[in-house]
Number of protein chains: 2
Amino acid sequence: MFKDTPMSLMVRKLESRGPLDDADRAAIVALPHLRRTYEPSSYLVREGEPARKFCSFIESGLAYRQKLTANGARQIVSIQMTGDFIDFQHLFLRRADHNVQALTRIETIDIEREALQALSSERPAVGRAMWIDALIDASVFREWVVNVGRRDARTRIAHLLCEVAVRMRAAGLASDGGFELPMTQEQVGDATGLTSVHVNRTLKSLAEDGIITRHGRYIGFADWNRIRQAADFSDLYLHLDQTAPIV
Amino acid sequence: MFKDTPMSLMVRKLESRGPLDDADRAAIVALPHLRRTYEPSSYLVREGEPARKFCSFIESGLAYRQKLTANGARQIVSIQMTGDFIDFQHLFLRRADHNVQALTRIETIDIEREALQALSSERPAVGRAMWIDALIDASVFREWVVNVGRRDARTRIAHLLCEVAVRMRAAGLASDGGFELPMTQEQVGDATGLTSVHVNRTLKSLAEDGIITRHGRYIGFADWNRIRQAADFSDLYLHLDQTAPIV
DNA sequence: CGAAAACTTGACCCAACTCAACGAACGTGG
DNA sequence: CCACGTTCGTTGAGTTGGGTCAAGTTTTCG
């Protein structure tokens, strides 16, 4: 449809969220944009600051959303990966309510917030796709509340692994057999509300029971159904029926 | 501006999310709608079912969003009150990913989903207000991940009390001195990832320390600043600068 | 090759859970 | 209007999942 510009991944992503016509696609491709690289652990968004002028779309790499408590504990509230929009969550808000940090080195396409705001009303189909994207993010936040609130450590970690695996597969970034999880065990702890020590023990235990295999940070699944059950994982909340493969 | 119809609360609510002109207000008031009553603990939305045809706006009463784990544990993921829209979270999604239940008896205004979808693109200012509303809900979900993930029981419960107090005040439903919390201790536990027994002990301890007072389910604050600190509460995530008083 | 970061493991501890009993409040029907 | 069942709140005693502290070991990377 369009040649393979940096913007084509974004078009495909939005198209996976809702049907677009040629004019919609053209309007997206025509958006002025910059490409940018962020080093691991650098901040894209900082809690408390005015929502920034640019909205980032991840072309490659992983990032995470995070908040800190008064006593310095960190809670990661979501993982974002290639093909995810970072700033829809602040698109119409005045201030950032959380931090976004690069997990790996990431490349982004940055588009002016006002241009995206305008696009969302001028091209209703695009606006709808953006809505859906933001709503799916919200659904993931809800599932994370359940995960840290009501599941034990083993189930909780397995659930995180399932989510990342399924989303990576859906984005064409991983095979069925497993995936590279570029997180330290401390970061896994911050995402699950556990300590790194307990993450370590729990991963060991999951491996001992044959539910996962580990080689460095590569997580392998011998039997997807087994980990799915151990994780109490159902992909309903990811709304994959509104997400076509993008790569 | 408009006489006091059931819809005027909805107009005021949307207006608090973003500026509307007369035509926008008229379009909202013109929406065909039904009024409906739900008894306590009845379901408005059920996980797994197709997103329903009607979208509810709460005219009075409280509700909560909830998910269940495989072993039967319940996690409440948000509290919704008078002036809240329930179904924006599913406005463009095919299936419900969580349950919504009435906490007290609630009265709702129900509007057809398709009419709201159409309104959001035909009247961009209204669409923008709807976006903002949905984004603020998402911000609350993120804060809840932090709350259950990284705060201890006392801070966690205090935080819930602060959030409900601030939101009720913002909606004109409570005074500065305290508020009626129409939840059982088991429900408070389900909202904070604790057991009802521990909620009981923790409330007692907060009262013994003079941070709250209790009379039945009425929670009083002697010193707002004190509970704010005990709760590690900052209202940034509620985006009150984009929320005018509605009552 | 050396330093720093990440991972692993052991020993001990405690915040929150479980189980259980009882009291208070509340709605409902006779 | 009272009896009574049911739900809700309260408290005690004992248990445990996950935390803390600390000491290696391995990996990474400049």
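This one's a predicted model, so the numbers in the text were calculated from it and none came from an experiment. Note on naming: letters A, B, ... go to the chains in the order of the sequence lines (proteins, then strands), and numbering restarts at 1 for each one. All heavy atoms count here, side chains included; hydrogens, waters and symmetry mates do not.
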Given axes from five pairs at either end, by how many degrees does the helix from C:dC1-D:dG30 to C:dG30-D:dC1 bend, rounded to 10°?
50°
Taking only residues two or more places apart in sequence or in another chain, which ones pass side chain to side chain contact (heavy atoms under 4.5 Å, CB included) with A:E49?
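A:E49: side chain to side chain contact (heavy atoms under 4.5 Å, CB included) contacts with A:R46.
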Please identify each residue that fulfils side chain to side chain contact (heavy atoms under 4.5 Å, CB included) with B:P50, with sequence neighbours left out.
B:R95
Regarding B:E107 and B:Y38, do their side chains bring together a donor and an acceptor under 3.5 Å, going by distance alone?
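Checked: B:E107/B:Y38 side chains show no N/O donor-acceptor pair below 3.5 Å.
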So, does B:K13 use its side chain to make a donor-acceptor pair with the main chain of B:T82 at under 3.5 Å?
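Such a contact is absent between B:K13 side chain and B:T82 backbone.
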Treating B:R156 as the side-chain partner and B:R151 as the backbone partner, does any N or O pair qualify as donor plus acceptor under 3.5 Å?
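Checked: pair present.
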For the residue pair A:R65 and A:W144, would you count it as a cation-pi contact if the rule is NZ or CZ under 6.0 angstrom from the ring centre and within 45 degrees of the ring axis?
no
How would you summarise protein contacts on nucleotides 24-30 of chain D per nucleotide, using B for base, S for sugar-phosphate only and - for none, with heavy-atom distances below 4.0 Å?
-------
One character per nucleotide, please: for nucleotides 8-23 of chain D, 5' to 3', B when the base has a protein heavy atom closer than 4.0 Å, S when only the sugar-phosphate does, - otherwise.
SSBBBB----BSBB--
Would you say A:Q89 and A:V45 make side-chain contact, with heavy atoms under 4.5 Å?
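No, every pair of side-chain atoms sits at 4.5 Å or beyond.
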For the residue pair B:A230 and B:I211, what are the closest heavy atoms and their distance?
CB-CD1, 4.0 Å
Closest heavy-atom pair and its distance - A:D209, A:R226:
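Distance-wise, the nearest heavy atoms are O-NH2, 2.8 Å.
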Are the charged groups of [X] and [Y] less than 4.0 angstrom apart, N to O?
| X | Y | answer |
| --- | --- | --- |
| B:D87 | B:R113 | no |
| B:D190 | A:R150 | yes |
| A:E39 | A:R105 | yes |
| A:D235 | A:R167 | no |

How would you list, by chain and number, every residue that makes a salt bridge (Lys or Arg N to Asp or Glu O under 4.0 Å) with B:E59, sequence neighbours excluded?
B:R35
Which residues pass the salt bridge (Lys or Arg N to Asp or Glu O under 4.0 Å) test with A:R228, not counting sequence neighbours?
none
Considering only heavy atoms, which members of residues 63-75 of chain B lie under 4.0 Å from some atom of DNA chain D?
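Nothing qualifies; none.
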Can you tell me the distance, in whole Å, between the CD atom of A:Q187 and the C1' atom of C:dA5?
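For the pair A:Q187 CD and C:dA5 C1', the rounded distance is 12 Å.
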Report the residues that fulfil ring pair (Phe, Tyr, Trp, His ring centres under 6.0 Å) with A:H90, sequence neighbours left out, ordered by chain and then residue number.
A:H98
Just jot down the ring pair (Phe, Tyr, Trp, His ring centres under 6.0 Å) partners of A:F141, sequence neighbours excluded, or say none.
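Scan of A:F141 (ring pair (Phe, Tyr, Trp, His ring centres under 6.0 Å), adjacent residues dropped) gives none.
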Sub-3.5 Å pairs of nitrogen or oxygen atoms, protein against nucleotides 24-28 of chain C:
none

Atom pairs, protein N/O to nucleotides 4-6 of chain D N/O, distance under 3.5 Å:
none

